[in-house]
Amino acid sequence: MRINIAVIDGDGIGPEVCAAAIGALDAAGKRFGHELCYRHVLMGGAAIDKHGIPLPDETVDICKNSGAVLLGAVGGPKWDGLPGNLRPEAGLLGIRKSLGLYANIRPARLINALKATCPLKDGIRDRGIDMVVVRELTGGMYFGKRNTVFRGGAEAYAYDTEKYSVAEIERIARKAYEIAAARKNEIISIDKANVLDSGRLWRKVVHELNAEYPKTRVSDMLVDNAAMQLIKNPSQFDVVLTPNMFGDILSDEAAMITGSIGVLASASLGDGAFGLYEPIHGSAPDIAGQDKANPVAAVLSAAMLLKYSFGLNAEAAAIENAVDRVLEKNIRTADIAESGSQIVGCKEMGRLIAEAVFTDRRPII
Ligand code: NAD
């Protein structure tokens, strides 16, 4: 298969971790017989330096004409003084909007070799944590009508509106059903239906869609209970479907119980198979250019890219397994080092993972 990928290396550690992700993709391509083509485009600080704006039209066009986008990270102190619409982060919001990305997918899997990073009790974490949070990304309170009305003193007020249409709920729920079908066919849908009208509509639409996906078991959980259950019994979650704001909070909670910022991947999806894949961390200016960045989050983002945009599940699993196997040997970047770890830099970590993708032919788990 020919796989066209637009790469936004970005700023800070972005180019370093993207190079490692590309190394893993190339190794998977070599092993499974695919041709990978990359087009590197500018966004964020790098685009501001060259073109004076964070998101040039050419970048959007090339992304739209690719099968998927791999993004490192953007931003840094160099551009902090610019007005909001010219800051690197404006490029991020702009690209998500231009590409119609309304679903944010955040896997939270406790890598066995990194069990020690889990802050939960042994008895809880030993049951395993492996879930995917499917969060609606372009609706709800963050995009609803809002205002601050100043009337002097205690009369002043502010409001934000949580609003969801049937169409918005349906399209994100559909993503969750599709992702569940490739996993255990189980969805826990999060809402606040005991209080909010929008929550009751959310619940109704999610269940009505179940008729189209009869093999999937759907249950509901109130968001306050979900926040507790993630700590008490995280192994019960597989696919977690959430509105925007609840997902913002719960996906960070799920991330905290499964690992360090350097190992967590994410995807933003729109209609069809197209998606943008990026580590959840930022550009880490404090360690940029020092070969200290952990590339695992970017490498796992590349695995998601193969799985969700190209349907290449075995190839994605080969990359995930390669990460597990390198970490099992206690080879670590400094941010996740434990006692006795062999500490390596970003480049060497990337090289070892790529090597394991290509050479380690043990059965894919
Ligand atoms: P950050 O994620 O860049 O860094 C937070 C801390 O985690 C730092 O100490 C950093 O060294 C460490 N860290 C992050 N990723 C790491 C990795 N892969 N390996 C090892 N250590 C890692 O967050 P921040 O410091 O709040 O933000 C820095 C810049 O990144 C800001 O300009 C911010 O706007 C931007 N940012 C961009 C994105 C994005 O591009 N999606 C996301 C978040 C922040």
Side-chain angles (χ1 to χ4, degrees), residues 6-24 41-49 54-55 59 63 69-99 101 104-106 111 114 117 135 137 248 251-252 255-256 258-268 275-302 304-305 323 326-327 331-338 341 343-350 352-353:
V7 182
I8 303 174
D9 296 285
D11 311 313
I13 62 169
E16 301 168 49
V17 298
C18 276
I22 288 173
V41 289
L42 295 177
M43 194 180 92
I48 295 169
D49 286 350
L55 182 59
T59 294
C63 288
V69 182
L70 178 68
L71 165 65
V74 296
K78 183 178 174 192
W79 304 281
D80 277 353
L82 292 171
N85 63 333
L86 287 180
R87 283 178 58 126
E89 294 77 7
L92 264 184
L93 298 181
I95 193 113
R96 287 182 186 140
K97 194 166 172 217
S98 309
L99 300 177
L101 305 173
N104 186 239
I105 316 296
R106 291 245 304 242
I111 298 175
L114 298 183
T117 60
R135 167 190 168 195
L137 201 57
D248 189 7
S251 61
D252 271 14
M256 263 319 293
T258 46
S260 114
I261 192 162
V263 302
L264 295 163
S266 80
S268 299
L276 180 146
Y277 301 82
E278 58 180 319
I280 72 159
H281 61 72
S283 59
D286 52 332
I287 55 166
Q290 300 169 34
D291 195 31
K292 282 185 182 163
N294 186 344
V296 166
V299 168
L300 293 177
S301 300
M304 290 183 80
L305 178 152
V323 167
V326 172
L327 294 175
I331 299 171
R332 306 284 163 87
T333 45
D335 58 310
I336 52 170
E338 291 172 37
S341 292
I343 299 180
V344 296
C346 182
K347 268 196 202 132
E348 179 62 1
M349 191 64 161
L352 289 168
I353 294 170

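Note that ligands are numbered from 1 as they come in the structure, with each ligand's atoms numbered from 1 the same way. In this chain, numbering begins with 1 at the start of the sequence shown.
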**Q.** Polar contact flag for Ile280 and ligand 1 (N/O pairs, less than 3.5 Å)
**A.** no
Q. Any non-hydrogen protein atom below 4.0 Å of atom 41 (N) of ligand 1?
A. yes
**Q.** Ile287: numbered ligand 1 atoms lying under 4.0 Å from its heavy atoms
**A.** 11 (O), 20 (C), 21 (N)
Q. For Asp335, what residues pass the side-chain hydrogen bond (donor to acceptor under 3.5 Å, both in side chains) criterion, not counting sequence neighbours?
A. Asn294, Thr333
Q: Heavy-atom contacts with Glu278 under 4.0 Å: which atoms of ligand 1 show up? List them by number with element.
A: 41 (N)
Q) For ligand 1, which atoms sit closer than 4.0 Å to a heavy atom of Leu92? A) 39 (C), 40 (O), 41 (N)
**Q.** Under-4.0 Å heavy-atom contact between protein and atom 24 (P) of ligand 1
**A.** no
Q) Does Asp80, backbone or side chain, put an N or O under 3.5 Å from an N or O of ligand 1? A) no
(Q) Out of all atoms in ligand 1, which are within 4.0 Å of some heavy atom of Gly75? Include the element for each. (A) 32 (O)
Q. Which residue owns the protein heavy atom closest to atom 3 (O) of ligand 1, what's the atom, and how far is it?
A. Ala284 N, 2.8 Å
Q) Do any heavy atoms of Pro285 fall under 4.0 Å from ligand 1? A) yes
Q: Provide the full list of salt bridge (charged side-chain N to carboxylate O under 4.0 Å, His left out) pairs with a residue in residues 277-287, sequence neighbours left out, each pair given once.
A: Arg96-Glu278
Q. Which atoms from ligand 1 have a heavy atom of Glu89 less than 4.0 Å away?
A. 32 (O), 33 (C), 34 (O)
Q.
Is it the case that ligand 1 has an N or O less than 3.5 angstrom from some N or O of His281?
A. yes
Q: Could you tell me whether Asp11 and Lys78 make a salt bridge, using a distance below 4.0 angstrom between a side-chain N and a carboxylate O?
A: no
Q. What are the atoms of ligand 1, with element, lying closer than 4.0 Å to any heavy atom of Ala293?
A. 19 (N)
